[in-house]
Structures are given as C-alpha cells and as structure tokens.
Peer 1: 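Sending over a structure as structure tokens; questions will come in a sec.
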Amino acid sequence: MSCRFLNAIKQYLCLSLLKNSALSVMSIFQLLCSIFMSLITKYRSGLKAEIGIFFPMLILRVLENILQPSFVQKMTVLNLLEKIVGDPQIIIDIFVNYDCDVDSPNIFERIVNGLLKTALGPPSGSTTTLSAVQDVTFRHESVKCLVGIIKSMGAWMDGQLKIGHSDSPKSFENDTSAESHSTSTAEDGTLADCELHPEMNSELSDAATVEQRRAYKIELLKGVSLFNRKPSKGIEFLINTRKVGNTPEEVASFLKKNTTGLNETMIGDYLGEREEFALKVMHAYVDSFNFKSMDFGEAIRFFLRGFRLPGEAQKIDRIMEKFAERYCKCNPNSFTSADTAYVLAYSVIMLNTDAHNNMVKDKMTKSDFIRNNRGINDGKDLPEEYLGALYDQIVKNEIKMNADSSVPQSKQENSLNKLLGLDGILNLVSWKQTEDKPLGANGLLIRHIQEQFKAKSGKSESVYHVVSDVSILRFMVEVCWGPMLAAFSVTLDQSDDRLATTHCLLGFRHAVHVTAVLGMQTQRDAFVTSVAKFTFLHCAADMKQKNVDAVKAIITIAIEDGNHLQEAWEHILTCLSRIEHLQLLGEGAPTDASFLSVSNTETDEKMAKSAGLQSLKNKGTLQNLAVMAVVRGGSYDSASVGVNNSGLVSPEQINHFIANLNLLEQIGSFELNHVFAHSQRLNSEAIVAFVKALCKVSISELQSPTDPRVFSLTKLVEIAHYNMNRIRLVWSRMWNVLSDFFVSVGLSENLSVAIFVMDSLRQLAMKFLEREELANYNFQNEFLRPFVIIMWKSNSTEIRELIVRCISQMVLSRVRNVKSGWKSVFSVFTAAAADEHKNVVLLAFETMEKIVREYFPYITETEAATFTDCVRCLIKFTNSRFNSDVSLNAIAFLRFCAFKLAEGGLVCTYKSSDDGSSVSTVIKDDSGVQSFTDIDDPGSYWGPLLTGLSKLTSDSRLAIRKSSLEVLFNILNDHGHLFSQTFWLGVFSSVVLPIFDGVCEKRDKALQTEQDSPTAESPHRDAITWDTETSAVALQCLVDLFISFYDVLRPRLSDVVCILTRYLTSSIQGPASTGVAALSHLTGELGSRLSEDEWQEILLALKEAAMSTLPGFKKLLTTMDDIKVPHNSQSYSNTETSSDHGLTNDDLEDDNLQNVAYVVSRMKSHISVQLLILEVVTDMYRTHLQFLSAANVNIIVEIFSSISSHALQLNSETTMQKKIQIACSILELSEPPMIHFEKEAYQNYLDFLQYLVKKNLSISKEMNLELLLVAVCEKIMQIYLNCTTVNHNVQQKSGEKVVVVTHWTLPLSPAKKEELAARTPLLVSALRALSGLERDSFRKYISNVFLLLVDLVQSEHSSGEVQRVLSNIFQSCIGTIIMQ
C-alpha cells in the first residue's frame, strides 16, 4: 500500500510540482511550499532523488536571489526554512543524504550560505528592489533560521548523548544500534517519516561511513575546482588522490560522465592538449562513443553535448580529426576516407557558428555551404541533397551542450567572501541555477528532469542513510560555523534592535554548546571570543544594552557549558574580571592598586578614596587614573584597558561612562559569584581547565602596570575551598596548576603582591590541613610544595620570614593532622637555617625546638623519611654562622632525638634474608648523608641521625667537631644495646669508620707526594685534619666504643687496627703518640680475649706500618746524593757576604740547604714513628706474652730485626751524615737522632730476646732464640768496634792456615769519643746478655764472640763500665771454661 502510494506521489504529485514551480501566483507558490514541507517531513526517505531536485529549484533558487527577490515569495521560503530547521532530524538527514553524497547537491551548505547572504543584505553599491524595512526583515528572519539550525543541531546532539537526562554525558562513540530516530512530527500529529515507511530503501549508517563519503566528496570537489582552473593539474590531483584511475580510459570516462561542477569549456580545452597523456585521454574519450548507424549531423551533435570546443584552431583540429576517424570506423561505408569526414566536420562547426552567432551579419547560404564542400570525398562531390539536408538541420537546431551546464561563481559571491574574510571557511557550492531561468515553462526541461529521476532511481544515491552518531555534527559544524559566525557577528555589530541581538546571542550560545560538547576547539573559541568582544567591557564608555546582554550570555554559557569550555574559560573569566572592576569603580571602592602599589603616600590614599560614583557625578572632570584608563578604553586583547593611551578625558566622556555603569547594575554580584560557586559541579577535566584559565587571568591582573588587582586571586582561593572535597586524584591535578601559579606570583618583584599571595596560600593550607591524611600518601607534601620552592628561590627577606611564620603557625596549630607535610615543613626550615638573615634563622630554629621537644612522636609516627628530613634540618642549623648557640643546640637536639628514639624502644633488628643472614643496606642521599634504606626498620630512624652526626665531625669549627664527636659516641655507648649485631656492623662501617677516613686518605696522599716530590714542601704534611686534641678524643672514643661492644664489633677489628696504625705512622708527634696510647689500651683491655689469629692480625698490621714507610724514606735519602753543601759553615758565611746581585752559586747553595733541612725534618719524623712502633711492640710482649704463639713471636722478631737493620743502614751513610751535620750547623738545627735510633732499636731487640729466653723457654728452644741473641750481641760489638777504629784482629783463612791481620791504633777524635759514649750502654747490655747465658750455652757460642771480646779489651773506651763487664766475662765465664 505504501509503495503504491509513494509511486503515485512520484508519478503525479511531483510532476505537478514541476509544472507549477515557476508560476508567479503567490498562493500557488505557498501551496507548493506547504506540499513540499509535507513531503520532506513524512516521505523524505522514499523521495531522496526528487527532494534533491525540488530543494534547489523551489527553495534555494529564491533564497539565493539577493538583489531582486519577491518579498512575499522569499518570506514564504524563509518561513518554510524556519519550520524545516525546527526539526533536528530533518536537518541531520539533509546533510547526510545530500551534502555527503557525491552525486547530490550540497543542500545544507547552500541553505546556510544563502541565509548568510540574506542576513548580510545586498552588497553596498548594488541595485536592489527591496525597501529598507524589507531588507531588515529578511536579515532578521535569516538570522532566526540560522539560530534554528544550530539550535536543532544541539537538541539532536543532546538527545543522542542524553544530556540533561543522566549524570554523565554519553561519549562520542559510533553507535550503530537501531535506535529510534524520532523526527518531529507534523502539526497534525502524523507519524514520522521512518516509522511510516519502514520498507523504504534506507540503511542505518555510522559516522565513519558518512565521514568517508563526505571526505570523498570534498576532495573530489577540490579536484574539480582545480580542473576548472588548470585542467592538467586537476587531473593530476584527482589521480593522486585516487578519485580517478590513472589510465587514459578511466580519465576519459570521468570526463564523459561530466561530474557535477566540471566546466565543459575546460573539458574541451583539456581534450585538445597535445601532451602525450592528454592526447591519449582524448582518443579514449572519442573511442568511447558509438556512432554506428548515426547520421553525420546527429553524430557530431551527440559528440559535442559533453564539452565545448576550444577556441584554438589546432586543438579543434586534433579533436575533429579523431572524431572523423571514429565515425568512419563505426560507419565504414559512409565516406570514401576519414579525410572526407574530417573536412565535413570542420564545415559543420563553421556553419553552426555562422548561423547562430549574432555578431555575424552575412550568413552562409545553403549554396555557399555546398560550394565550400565540393570535391572533399576523395576528389568527388557529396550529394547535394545530403549536404542540403545537413545544412537545414544545423541552421534550424543549433549544436549545443546539455541544458544543465554549470556557470562560474558570481562576482557578487566572490566579493562577499572577501568582504567577510571567509575565504577558505565557507565551502560555497559551485553548482547553481541561473535565477531568471523559467523552470516549469519548458516541456523539454520537464522531460529532462523526469529522466534524471529515472536515472537516479537505480543508483546508490537513492539509498537513504540514517545516522545516530553525534560525530556527524562535526562535519556539519565545519560547513556552517563560518557563515553563522559572520551572520551573528555582523548583525550584532550593526543592529541595535533588541529582538535581533537577542537572536544573535542565542545563536552564539547554541553554537558554543555544540562546538564545546563536540570538542571543536577552534570553532568553540571563535564563538566564545566573539561574544566576549561584544561585551565591550574593554571599552565600557561605548557600552549599550546589547553589550550587557552579551555579558549575560557569557555568564549563561559559563553555567550551562562549563564542562566543555576548556581553554575558552580564559575569555569568560577575563570578562568576569572586567565586570567586577567596573562594578568596584561604580561603587567608589578603593582599587586594589591602592594597597598593592609600592607607594603609600597620603596623596595616593586620597585619590583612591575619591573615586566613587558620587564623586564622579559631582566632580565630572576628576582624573582618577583607574577611571581614566577605563574611560579611554583599549583593545579586547590588552591586559589592562587604556594602558597605551594617555591624556585627560572630558566630562562628557565620564558622564557617558557613568550612564553605562548604571547598565551594569543589571548584573548583580550573585550572578558573578555563581560562576565560581558552580565550579563544584564541573567534572574532573573541566575544573582543571577552569583553574588553569583563572590562574592565567589572575597573573594578567597582578602584572598590570597601572592597575594591579587581586579579584581572580581571591576567587582562586574560593574555588580551591569549594573543590577541596573532590577526590584526591582530581584535587592533585588542580593543585599542580595552583601550585605553579602560587610559586610564580609568590616570586613577584612586587612585594605587596607576593605577601598577599603567601597569605592566600596560608589560608588554603590551614583549611587543607583540617583534613586527615592516611599513611603513605603525599598530598600534604604536594600542597605545601609552593612554600618550599618560594622559600628557596625568593630574594625577599620579608617573604622568607613570612613563609617561616606561616609554616610555624600551620604546624603548631594542626600538628596532629600533619603527615606527609612534614617533608615540606622541614624543607622550609632547612632553607631557613641557611638564610643570610639572623631573624629568619632564629625564628625557624625556635619552631624546630618546639617541634622536637613537644611533638616528636608525630614525626616518628610517619615514614622514616620524615625523621631523616628532621635530622637533616637540625644538621643544617649546626652550620649557622650567626649564633654558635644555635649550632650547639642543634647538636644537642640531635642527642635529644636519639634519647626519644631509645625511649620509644626502637630496637634495630633487620629482617633476615632468605639464607638466614641479616641484610643491611646503606646509601647516600643528595647531601652526602648516608641513610638506611629499609623504611620499615627502626634503623631507618637511627641511621640518618647517626650519619648526620658523623658528617659533622669533619666540620671546620672546633666546637662543632668536639660536640658532634661527643654526642655521637655518647649515643652509641648509651643506646648501642638496642642495636643488633647486623645493625651495629652497618653503623660501624657507615657511621664510625668514615670519621677517620681523612686520616687514612690524607696519609696515603702524604706518602704519595713524598715519593713523587721528596724535595718539595709537602702540602699534606699534616695527615690529620683535626687538631691534636680532637684527634686524641676521637681515637680514644673509638677504642672505648670498640672495647665496650667488642662481642658484636669483633669482625671490625682489622678496621680499628688499620686506623690505629695510621695514627702511628703520622708525621706529627701528637697523633702518633695518641695512636700508641690507644693501641696499648686496646690490647691491654682485650689481650686475654683476642684469638691467635687476631693477635697475628694486629702484629702484621704493626709490621706493615713499620715497613710501609721505608720505600719512600729510602727514595728521599737518595736525593741527598745530588745535593752539594759547603764544606763548613765558615765558607758558607764567606760566600754569603760576597754575593750581591743576580742568581749566583749562593742561591743554589741556599736551595740545597733548604732541601737538606726538609730531609732532616722527614728523617726525624721517620725515626720517631719507628721508635713508637718499637714502644708499642715492647709493651705488647711484656704484657701479653702468655697469649702469643710462636708464629706471633716470630712476627715480633721480624719487626725488631727489620727496624734494627734499617737503623744500622741509616747510620752507615757517612757521606750523607756529613752533609747533614754541615747543613744543621749552618741552619742551626739539631741533628736527627740516628745513633739514638740505632741504639734504641738494638736495645729493644736485645731486651726482647733476653726476655723470651728467660721467661718462655719453650718458645726459646723452639725458635732457637739463644743463637739469635748471640748474633745480635755479636752485631752490637762489631758496631762498637767499627766506631773505635782500633787495630783489632781479623781472622782470614788462607788454605788451612789462619792469618791474623793487625791494625794500628789511632787516637780518637772528640766526636768519636762522644759517639762511643752514646754506644757504651748498648755494648754493656750486650756483654751482660752474653754473661747471663747458661754455662753450657756460653761454652757453645764463645767461639763466635771471643775475638771480638779480645778486640774490646784492646780498644779505648769512654767509660770504665765496659772494662768491668769485660773483666767479669773473662773471669766468670771464660775463666771457668779454661779452668775446667
């Protein structure tokens, strides 16, 4: 039934519409429009092709007639359009089925552009039949239609997204489900189109398909437009974009199809080109025609229907030549050759031009035509009857192209685009009917249109598409936003009619809504910016009622579409800021600049107070700076109005400004504040965009050079307060923006602005800290981060002091709620501790003192990093250079922290690893303070505290070093029982031992320098960085600590011994003596608890200490070989007085003496170290001999032996000794005690061997120490005899005969006598050691020493003690043996 009915409509009703479409009777035209409205409302899905013809013919033809329209007829069309655009589904369906269809006209686009041209009216200078009233009526009605279009688009979008019906809008996803696409029903309540005709040829399409079709059409039209300008470029573009195939046949088919918009003249021009590809296209084009059985005239007429022949003769020649060839091929018997057809075709073209061109006066006769074509058929004539019939056919019926030829765009339209600046924005259609074409009056035209209906019925364009995805609106907006923006803007600018401007503002609101929801940023910002500019808030003196209405529209947009405005919020908030500014001026309130400016003079105050509205009325010419700036006005984009203008304003201008301020009273503070209060309802994305925009506006306000303001800043605080209860994730994103803003403004050079910002931030922080925070979150820290950044970066002392006060107030009042915020608090106080101003330091330390004393549990209840920050902060205070009491108190607080930790029972036990062993990990933070990484372990609290104190021990100030050492070791001694062994070992390695790193490292450097440059003054002569007293205290504390916790620290014995031996080898007497005392104390306390291996470790360390200095010292001595000194002091003094200028030998000798002085100094230090090692070893074996094994005793023997041998070798360098003696005499220095060194070395060696032989017989026998003792005694006697230079007997074996060589005795010099006196005690000790041997032992070894004893008897001695001992040996020991 429906199909038959629809077919009847097509067959009868549509034909009637065609026949009556051009009648001038208005009642008939109105009836046509009413019928068409019913068709498009109810039957559009089944009449797609028919509507595609009727719409341009019936509506667009009238709509696009701008200059000479019929008023009633056009008003009828505008009213019809108003009804059509009032149905959202019709608008969508028109765009989808026509503007997105390649084979259909762009109806929606032409509607919009036609309405735009009507809204703008006839171009200036043109002649029109319209009266002024009619023109204004057309303009207003067209604007209403444009508003209806965008309103319907928004309504359809809201319906699809269910905006207003659910809490969350529907996302822009392709929805291909079969939803009911309810269209607005007709007034009589009949069913919608798709419900009435479900069987019609329609399909549900998704936005992707429509997008592809739309893009295809746009690109195709672009190629067509390019072809109409440059045919070859257009074909190249179409081939590259795959709109046309790349073969000549495919291009020829495209041209023959004569796609809508192709210019037939350009087609002919292209076909006539001689380029290879164009020539192939022309051949393919001609070959596509079938001229079989066609009369020649009919064939040429059929051939020329699709294009216009070019004007160039050569191009016509090529086309006609190919046509002739094709005609003869289709009709082989028509002519004798193709040449005949070619000449005849040319003649026919000339005849057609001659007969139908009004410019030709002398027309060609039939006889002329026949005569011109004689002999063209291979020398013969064609029949005259044939030529005569051909002549009559051409003369009566002109050869011309199809009736629907396209025409170029009108000049009016081009000028319109340029006038509005819309080139490239408005995609105006290129196919238009001429306005004066009498459609319907020509039966041929009607038949042609009917043929089009039939031809399109089988094509794809007859498929009616239905779309449910709102993404389709994006393509519609791209078409209509430019014309709408132009129409609304021009009307709003030029008209003061309240109804017209109201419609324009309504259109702006709907346009913003659609573009904002669709996320079309460029279009949305264009509409919002236009409305914002029309508020005229930037030039308030020129405001009118329509501008106030624009302000109201801005506020409405902010409330209704705030969730989608994004960057456009900046324009809206700028308007709100300017409104508030104007309202304040109207109320007479003082400007913000009055308290934000640097100057506070009385004049400024008076000026600010006298700016009220009443004052303006009374003193019209009052030149208040703020008022003058506003009255002068400025551009919309300027940050502050009137900045670039200067000069006074007239009373008339001020009066006009006052009147406009009265207009603004329509906008109350409630409406203004409602935008900000409404921010609570914005979604998570929108609130972040809102905050970003408000921050930008606030910065613009504050940076104003003439009138800085804080309106937006106060609103930022308000909206932060409003939105503080949002979920943490959203709040964090908001605060990231706010934080950067507060930092930027807080660092402002304007101190008043910075103080105001800091106070605002304090208010927010106080409010934020009212909320409790769970553990392991970081929100508070992020919130307080601006304080930290400004504290570190601000150059203003006032700001830094204000921050300290703010933080102090917040913490002390909200201490129970502070969690992650402690990090920022301590960061601020750490920065304050390093401040250059005393007040800041003392204020911060006062708060730190209160926190540590009264609120310490709140610090330790959070993560370990908080306590670490607290410790780092206190350590920073120790560096205070203003007050030593602050530094010392900070260290005392560190001890207090340790006491609190111990009081809380934080026992440090690390969790065991998989293999059962405990794990301790230590890292270094940015400040170099080591910290323990396991935050769940109490060690993470103790670690930072201890490592901080450890670092302080290297401070440059003596009081700090002493205090930190004392506190550190007191903490370890007092609370070490809380530490497990694993933690203790970690502490010892990372806290205690690094204190002494300077000792080891600098000692190594000293030795290295000594070896590399022994003759230069060593920069590391002081191997200890501390003073002697501090060094002694530190080492003593170390040993005491190690002894106290020996059971857990036992594995670190080697490290302790290493430190002690480093002290021993120090080149300074004090630390070396300290090392001796400490090592003696260590072994004295732990001797009985040390194992054999541990004893061996200690003794090997001592041996290494003794031997480690020898290579460098020997290298030092070799430098003496190259040093020359004067033979005596007298010669030095003589040369000294003889030199008077230049670099002489005196200078060289002086340098040599200085080098010798350095060697002497190093030699004394070296001897001192060796003697101290002897002292330590002697003390060890005398006290703990019972704990020493034979292997350990052997190490001691090696130590004594190596030192003694070294001392003997040192004394054997006679040449060096002489140089040293001369140099010391000249420089008045004491000589190094080399003889004393040798005597002490051998004396200790001898005493050790005697002690072992007497006290430990088992080891003595095991190691055969008696033989070693005799050998040492023998060496001592030999040294003594070498000093006496007597004629002692030397046994020399010559075969079996012993020869005794006798040396003569020489008198001893005083120096020798003095040396003998020094060596006598050692000799006496050696002789007594021999006499003390058991009789059998003496008998056993007498042969080794007898001759030496004889030589001693013959020698000269400085003391009678030697003779007495010798006498005793000969009487008691040797005599006894002889007597037996």
Side-chain angles (χ1 to χ4, degrees), residues 1064 1076 1079-1080 1082-1084 1086-1107 1170-1208 1237-1279 1321-1342 1344-1345 1348 1365 1369 1372-1373:
L1064 285 176
V1076 170
L1079 190 55
S1080 298
L1082 178 68
T1083 54
L1086 301 176
S1088 60
R1089 302 166 66 182
L1090 295 174
S1091 65
E1092 179 181 348
D1093 292 338
E1094 290 171 334
W1095 271 113
Q1096 183 178 9
E1097 189 174 356
I1098 294 174
L1099 293 173
L1100 286 175
L1102 286 170
K1103 179 182 176 182
E1104 174 63 23
M1107 302 299 295
Q1170 298 293 317
L1171 291 176
L1172 286 173
I1173 293 175
L1174 291 175
E1175 179 183 346
V1176 171
V1177 175
T1178 300
D1179 182 66
M1180 284 183 183
Y1181 81 76
R1182 288 187 181 277
T1183 309
H1184 305 291
L1185 182 61
Q1186 67 273 26
F1187 305 117
L1188 301 178
S1189 63
N1192 290 335
V1193 170
N1194 187 56
I1195 296 174
I1196 296 177
V1197 170
E1198 292 174 355
I1199 293 174
F1200 281 125
S1201 176
S1202 63
I1203 295 178
S1204 300
S1205 300
H1206 173 57
L1208 178 60
F1237 176 36
E1238 181 185 327
K1239 185 193 74 170
E1240 288 298 319
Y1242 275 102
Q1243 185 66 59
N1244 281 280
Y1245 194 6
L1246 186 64
D1247 292 345
F1248 169 66
L1249 294 175
Q1250 280 186 284
Y1251 189 83
L1252 281 180
V1253 170
K1254 292 179 180 179
K1255 300 292 185 180
N1256 199 328
L1257 297 179
S1258 59
I1259 293 180
S1260 177
K1261 291 180 179 179
E1262 180 182 348
M1263 299 178 62
N1264 197 11
L1265 293 181
E1266 281 189 344
L1267 176 61
L1268 185 58
L1269 175 62
V1270 173
V1272 171
C1273 293
E1274 183 181 355
K1275 191 66 177 177
I1276 293 172
M1277 289 188 290
Q1278 187 67 52
I1279 295 169
L1322 177 61
L1323 176 64
V1324 171
S1325 297
L1327 294 176
R1328 286 177 176 168
L1330 288 175
S1331 64
L1333 293 174
E1334 296 292 335
R1335 182 176 299 177
D1336 294 338
S1337 299
F1338 188 84
R1339 182 191 301 274
K1340 181 178 179 181
Y1341 301 114
I1342 187 58
N1344 295 346
V1345 298
L1348 294 174
V1365 176
I1369 289 177
S1372 303
C1373 300

Peer 1: Given Glu1175 and Asp1179, is the side-chain contact (heavy atoms from CB on, under 4.5 Å) satisfied, shown in steps?
Peer 2: CA-CA 6 Å; Glu1175 179 183 346; Asp1179 182 66; 5.7 Å; no
Peer 1: How long is the span from the NZ atom in Lys1275 to the OG atom in Ser1205, to the nearest 0.5 Å?
Peer 2: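 So the gap between those two atoms works out to 8.0 Å.
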Peer 1: Side chains of Ile1199 and Met1107, heavy atoms from C-beta outward: is any pair under 4.5 Å?
Peer 2: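 No - every pair of side-chain heavy atoms lies 4.5 Å or more apart.
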Peer 1: Are Thr1178 and Tyr1245 packed together at the side-chain level, in the sense that at least one heavy-atom pair is separated by less than 4.5 angstrom?
Peer 2: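 They are not in contact (no side-chain heavy atoms under 4.5 Å apart), so the answer is no.
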Peer 1: Going by heavy atoms in the side chains, are Leu1246 and Cys1273 under 4.5 Å from each other?
Peer 2: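 Leu1246 reaches Cys1273 side chain to side chain.
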Peer 1: Distance from Arg1335 atom CZ to Ile1342 atom CD1, nearest 0.5 Å?
Peer 2: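 Between atom CZ of Arg1335 and atom CD1 of Ile1342 there are 13.0 Å.
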Peer 1: Does a side-chain heavy-atom distance below 4.5 Å link Val1177 with Phe1248?
Peer 2: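 They are not in contact (no side-chain heavy atoms under 4.5 Å apart), so the answer is no.
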Peer 1: Which pair of heavy atoms, one from Gln1243 and one from Pro1321, lies closest together, and at what distance?
Peer 2: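 It is OE1-O, 4.2 Å.
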Peer 1: Do the rings of Tyr1181 and Phe1200 sit parallel, tilted or perpendicular, given the 30° and 60° boundaries?
Peer 2: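 Ring orientation of Tyr1181 relative to Phe1200: perpendicular.
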Peer 1: On a heavy-atom basis, which atom in His1184 and which in Gly1084 lie closest, and how many Å separate them?
Peer 2: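 Minimum heavy-atom separation between His1184 and Gly1084: NE2-CA, 3.6 Å.
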Peer 1: Can you give me every donor-acceptor pair (side chain of residues 1098-1105, partner residue at least two apart or in another chain, under 3.5 Å) with its distance?
Peer 2:
{"residue": "Lys1103", "atom": "NZ", "partner": "Glu1198", "partner atom": "OE1", "Å": "2.6"}

Peer 1: What residues form a salt bridge (Lys or Arg N to Asp or Glu O under 4.0 Å) with Arg1182, not counting sequence neighbours?
Peer 2: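 Here no residue qualifies.
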Peer 1: For Met1263 and Leu1268, run side-chain contact (heavy atoms from CB on, under 4.5 Å): C-alpha distance rounded to whole Å, both residues' side-chain angles, the deciding distance at 0.1 Å, then the answer.
Peer 2: CA-CA 9 Å; Met1263 299 178 62; Leu1268 185 58; over 6 Å; no
Peer 1: Strictly by ring pair (Phe, Tyr, Trp, His ring centres under 6.0 Å), give each pair with a member in residues 1252-1271 just once, sequence neighbours left out.
Peer 2: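 Ring pair (Phe, Tyr, Trp, His ring centres under 6.0 Å) check on residues 1252-1271 returns no pairs.
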Peer 1: Step by step, work out the side-chain contact (heavy atoms from CB on, under 4.5 Å) result for Met1180 and Leu1079.
Peer 2: CA-CA 9 Å; Met1180 284 183 183; Leu1079 190 55; 3.7 Å; yes
Peer 1: Minimum heavy-atom separation for Glu1238 to Ala1207, with atom names?
Peer 2: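 Heavy-atom minimum between the residues: CA-CB, 3.5 Å.
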Peer 1: What is the distance from atom CD of Glu1097 to atom CD1 of Ile1195, rounded to the nearest 0.5 Å?
Peer 2: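 These two atoms lie 11.0 Å from each other.
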Peer 1: Are Glu1092 and Phe1187 packed together at the side-chain level, in the sense that at least one heavy-atom pair is separated by less than 4.5 angstrom?
Peer 2: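 Side chain of Glu1092 against side chain of Phe1187, heavy atoms only: no contact under 4.5 Å found.
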Peer 1: Under the 3.5 angstrom rule, does the side chain of Thr1083 hit a backbone N or O of Ser1080 as a donor-acceptor pair?
Peer 2: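 Confirmed, Thr1083 side chain pairs with Ser1080 backbone.
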Peer 1: Whether the side chain of Gln1170 engages the backbone of Ala1106 through a donor-acceptor N/O pair (distance < 3.5 Å, no angle test) should be reported.
Peer 2: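 Such a contact is found between Gln1170 side chain and Ala1106 backbone.
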Peer 1: State, yes or no, whether a side-chain contact exists between Leu1269 and Leu1252 at a heavy-atom distance under 4.5 Å.
Peer 2: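 No - every pair of side-chain heavy atoms lies 4.5 Å or more apart.
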Peer 1: Using a 4.5 Å cut-off on heavy atoms from C-beta on, say whether the side chain of Phe1338 contacts that of Ile1369.
Peer 2: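 When only atoms from C-beta onward are counted, Phe1338 and Ile1369 do touch, with a gap below 4.5 Å.
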Peer 1: Please check if atom CD in Gln1186 has more than 12 non-hydrogen atoms from other residues, nucleotides or ligands closer than 6.0 Å.
Peer 2: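 Result for CD/Gln1186: enclosed.
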Peer 1: Roughly how far, to the nearest 0.5 Å, is NZ of Lys1261 from CD of Glu1266?
Peer 2: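 Glu1266 CD to Lys1261 NZ: 9.0 Å, rounded to 0.5 Å.
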Peer 1: Answer yes or no: is there a side-chain heavy-atom contact under 4.5 Å between Ile1196 and Asn1192?
Peer 2: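 Result no, sub-4.5 Å side-chain heavy-atom pair not found.
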Peer 1: If you round to the nearest 0.5 Å, how far is CG of Leu1208 from CD1 of Ile1276?
Peer 2: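 The CG atom of Leu1208 is 10.5 Å from CD1 of Ile1276, to the nearest 0.5 Å.
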Peer 1: When you measure from the side chain of Glu1094 to the backbone N and O of Ser1091, does any donor-acceptor pair fall under 3.5 Å?
Peer 2: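 Pair found, side chain donor or acceptor close to backbone of Ser1091.
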Peer 1: For a quick test of reading the model, state the closest non-hydrogen atom pair linking Ser1204 to Tyr1242 and the distance between them.
Peer 2: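 Smallest heavy-atom distance, with atoms named: O-CE1, 3.6 Å.
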Peer 1: I need the Asn1244 CG to Ile1173 CD1 distance, nearest 0.5 Å.
Peer 2: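 The distance works out to 12.0 Å.
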Peer 1: Is there a side-chain contact (heavy atoms from CB on, under 4.5 Å) between Val1365 and Leu1323 once you walk through the steps?
Peer 2: CA-CA 10 Å; Val1365 176; Leu1323 176 64; over 6 Å; no
Peer 1: Give me the atom names and distance for the closest heavy-atom approach of Ala1241 to Leu1174.
Peer 2: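 For Ala1241 versus Leu1174, the nearest heavy atoms are CA-CD1, 3.7 Å.
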